[in-house]
2 protein chains.
Amino acid sequence: MQITLKDIARESGYSVTTVSRALAGYDDVNENTRRHIATIAETLGYQPNLLARQLRNQRTQTIGLITPAPDDDVGSEFFSQLLLSLSSAASRVGYDLLVSAQSAGEPEMAAYRRIVGGNRVDGMILARTRKHDERIAFLKSLNHPFAVNGRAAPDEVSDFAYIDVDSQAGIRAAVEHLTGLGHRQIGLILPPPEMAFTEFRHNGYCEGLAAADLPYRDEFVRYGDLMQSGGYMHANALLDQHPQMTAIVACNDLMALGAMSAAQARGLRVGYDLSITGFDDIPAAEYAHPPLTTIHQPMHEIGKLLVKILDSLIRGESTEQTQILLSSTLVIRASTGRRKGGADD
Amino acid sequence: MQITLKDIARESGYSVTTVSRALAGYDDVNENTRRHIATIAETLGYQPNLLARQLRNQRTQTIGLITPAPDDDVGSEFFSQLLLSLSSAASRVGYDLLVSAQSAGEPEMAAYRRIVGGNRVDGMILARTRKHDERIAFLKSLNHPFAVNGRAAPDEVSDFAYIDVDSQAGIRAAVEHLTGLGHRQIGLILPPPEMAFTEFRHNGYCEGLAAADLPYRDEFVRYGDLMQSGGYMHANALLDQHPQMTAIVACNDLMALGAMSAAQARGLRVGYDLSITGFDDIPAAEYAHPPLTTIHQPMHEIGKLLVKILDSLIRGESTEQTQILLSSTLVIRASTGRRKGGADD
DNA sequence: ATCGTCATCCAAATCGTTTCGGATATCTAT
DNA sequence: ATAGATATCCGAAACGATTTGGATGACGAT
């Protein structure tokens, strides 16, 4: 069914070797025969079998990405944006993207073993790093090229290629923005504790408070699940226990949106009675009601850089910079506003 | 570097054939030697080379999807949702997803030839069908399995597997919703004319008007680009030329959001002075200000069904139903409201 | 006439699996 | 003792490409 080099060889009277070299443009084949062979390949509609080529060359021109299964629907908005930006960045430099959705834990690791060990990709992209991340350990042990969106946790060494935004400074900026607006009682909804970046964000929160000489209060801090429902729940809990709270920092936009719903359900006007900030700047943030003050992640840029780094790792180039920390930018919208009424504390 | 069957054969003293059959669980290998071989494979950390297996089996367990390059950033929100739902649906039935981003036209077709002709996938998923779609013609000519999100245009035959929502009924329902609210001057922002579904939506609009005995006016209809900026521009144009217009039907959410911005920029209150509807129900629609009345597309369901259909096509099963038309549901939110003041026409 | 150079071509091995078609040895029934 | 069954194993040929290491013949220089 498929046209192979053998067919072209038979048709042209040359050997498979010569046909292969002719089509590859080697200069040890006569220009006339090259043209002749090219014409036959064209008319026969020859398409090289990429599997065979990959097997022989031990090179797939493919980048792998394993996304979380939507059961544990952790921030699908974030991942779908990453996916899109990666696929276009990859295509631009001649890679395809192989995607598999797996739920964290054993299925996820099995997918890594299968895809990486099975030679299906030249390199992997990881995202959403966890503490003592098993995937990173695995890829390092195999010495397989990979690039990560996100560093290791503060107390671990990030001895791998990554690109991350400085979320510590980002959260700090958000908190300072709030204290600047007069807020003194600021809640925090963190990512789950097992995420690598959670402590960075926690630290940023502490720094922000310290910069305004505000005390840190453990009961103002809660660990969420990065989903809307979690934001809703934790915002309610915070406001139940601390009615004097006038601002909440959520560590991603989905939780911030959930917190907004919770506030509005209790009759609070977001941006007036209660200020809320997010993180990521997903499209919905801009359209939220009110639009969400958040920390922007340049996903398009991140995708491009990840692919660029991974490509240089794969090619074994004297890689330029393989660890990049982007500065984060606070986008101020209407979900934050000056603290209204009430005494200080 | 990689552990192969040959290594296990050497280590165990059996032939490559027997090792292969042992690991595959054939019953013509002694149970003891099977266990022995399995143990060795385990300790050596054997992972089958999937490229070799695929080449030999002529089966890749992979589904391909080519997304538009974000240069022609046509509805990335829609595509990223589709991508995510497809990848998880595919993983669930044992397929990986191969993604390549290409801009429409020659690069896109080249990617189809390369990936399909190159034997990299068992089947393809298409989305955003166009009139006289070259990709569909190509896949049909190769007799390669594929499933499409979206039918052919009304005047073409849809002789291929697809799943689509009944957008004609959807738009009609939106128009009837508006006429029910008293609107008489209803604008329409269509998708680009080359899209296959454009006429369905146009027809739905006409039907909706007819059902309320309203005249069709060509100057109320404009072709957009599915992007926000287009919605913004066309809404402005409509409102400039027809200040009496009280409602606009946009054919996707991004354009609807753009139209909302345009309206708000001219001081119109959306849902009061001007009603706006969208299509797709992307996440941002719910969070829009005001929340957008729109027609819901069950992306998760669509992804699952596409994969199921494609899988049965690939396996050559006496395929159940390969053409599915989902009924569309209008989600009424605050961007539409009763027509205020003014005389009828 | 002989040698070296150059241009052009190709056989065979390789990448790692799977499978077809036996081969071999053991055992059962006669 | 022999034929036929049965259990267990394996060599070799695919799948379709690339590359190594020549082979061949024509040609000019000596």
Side-chain angles (χ1 to χ4, degrees), chain A residues 1-38 40-41 44-62 113-122 142, chain B residues 1-38 40-41 44-62 113-122 142:
Chain A
M1 207 75 301
Q2 203 193 172
I3 308 294
T4 71
L5 288 185
K6 211 197 278 187
D7 299 315
I8 303 180
R10 193 182 330 101
E11 193 72 16
S12 67
Y14 291 99
S15 73
V16 168
T17 302
T18 299
V19 171
S20 171
R21 314 205 90 206
L23 294 177
Y26 282 76
D27 65 356
D28 68 349
V29 16
N30 184 284
E31 178 57 18
N32 285 324
T33 89
R34 213 217 84 246
R35 265 201 293 270
H36 181 210
I37 288 174
I40 293 182
L44 257 45
Y46 171 70
Q47 285 289 337
N49 185 311
L50 297 176
L51 293 178
R53 177 180 286 178
Q54 291 171 4
L55 175 61
R56 165 69 221 218
N57 289 352
Q58 302 288 69
R59 203 66 166 13
T60 63
Q61 293 296 354
T62 306
R113 283 194 296 271
R114 182 174 61 84
I115 289 178
V116 174
N119 260 44
R120 289 211 68 185
V121 298
D122 294 336
L142 255 65
Chain B
M1 207 76 299
Q2 202 193 171
I3 309 293
T4 71
L5 289 185
K6 211 197 277 187
D7 299 315
I8 303 180
R10 194 183 329 102
E11 193 72 16
S12 67
Y14 291 98
S15 73
V16 168
T17 300
T18 300
V19 172
S20 171
R21 307 196 64 122
L23 294 178
Y26 281 76
D27 64 357
D28 67 349
V29 16
N30 184 285
E31 178 56 19
N32 285 324
T33 89
R34 213 218 83 246
R35 266 200 294 271
H36 181 212
I37 287 174
I40 293 183
L44 257 45
Y46 171 70
Q47 286 289 337
N49 185 311
L50 297 175
L51 293 177
R53 176 178 286 177
Q54 291 171 3
L55 175 61
R56 166 67 221 215
N57 290 350
Q58 300 289 70
R59 202 63 166 13
T60 61
Q61 292 295 352
T62 306
R113 283 193 297 270
R114 181 173 62 83
I115 288 178
V116 174
N119 261 43
R120 289 211 67 185
V121 298
D122 294 336
L142 256 65

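No hydrogens, no waters, no symmetry mates; every other heavy atom, side chains included, goes into these values. Proteins get letters first, then strands, A, B, ... in listed order; numbering begins at 1 in each.
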Quick one: is Ser15(B) getting a side-chain N or O under 4.0 Å of the dC10(D) phosphate, OP1 or OP2?
yes
Straight-line distance of Asn119(A) CG to Gln58(A) CD, nearest 0.5 Å
5.5 Å
Any Arg56(A) side-chain nitrogen or oxygen under 4.0 Å from OP1 or OP2 of dT14(C):
no
I need the CD1-P distance between Ile8(A) and dT18(D), as an integer number of Å.
11 Å
For dT18(D), take OP1 and OP2 only and decide whether either is under 4.0 Å from a side-chain N or O of Ser20(A).
yes
To the side chain of Gln58(B), which of dG16(D), dT19(C), dC15(C) is closest?
dG16(D)
N or O in side chain of Tyr26(B) less than 4.0 angstrom from dT19(C) OP1/OP2:
yes
Inter- and intrachain pairs under salt bridge (Lys or Arg N to Asp or Glu O under 4.0 Å), touching residues 11-22 of chain B, at least two apart:
Arg21(B)-Asp28(B)
note: Arg21(A), atom CZ; dT18(D), atom C1'; distance rounded to Å ~ 9 Å
For the pair Asn30(A) (side chain) and Asn32(A) (backbone), establish whether a donor and an acceptor sit closer than 3.5 Å, ignoring hydrogens and angles.
yes
What are the two closest non-hydrogen atoms of Ala9(A) and Val19(A), and how far apart are they?
CA-CG2, 3.8 Å
Would one find a side-chain N or O of Asn30(B) under 4.0 angstrom from OP1 or OP2 of dA7(D)?
no
What is the separation between atom OH on Tyr14(A) and atom P on dA11(C), rounded to the nearest whole Å?
14 Å
Value in whole Å for how far the P atom of dG16(D) lies from CZ of Arg53(B):
18 Å
Closest-nucleotide ordering on DNA chain D, the 5'-leading residue of Ile3(A) and Asp27(B):
Asp27(B)
Looking only at side-chain N and O atoms, does Asn49(A) come under 4.0 Å of OP1 or OP2 in dA17(D)?
no
Would you indicate, yes or no, if dC10(C) has its OP1 or OP2 atom less than 4.0 angstrom from a side-chain nitrogen or oxygen of Thr18(A)?
yes
Examine dG16(D): is either OP1 or OP2 under 4.0 Å from a nitrogen or oxygen in the side chain of Gln2(A)? Give yes or no.
yes
Rounded to the Å, how far apart are Asn57(A) CG and dA13(C) P?
20 Å
Atom CZ of Arg120(B) and atom C1' of dC15(D): how far apart are they, to the nearest Å?
16 Å
Phosphate OP1/OP2 of dC9(C) contacted by Thr33(A) side-chain N/O (<4.0 Å):
yes
Which is true for Thr17(B) with a 4.0 Å heavy-atom rule: it touches a base, it touches only sugar-phosphate, or it touches nothing?
base
Using whole Å, report how far CG of Asp28(B) lies from C1' of dA5(D).
16 Å
Provide the closest heavy-atom pair for Tyr46(A) versus Ile3(A) in the form atom of the first, atom of the second, distance.
CD1-O, 3.4 Å
What is the distance from CG of Leu55(B) to P of dT18(D), rounded to the nearest Å?
12 Å
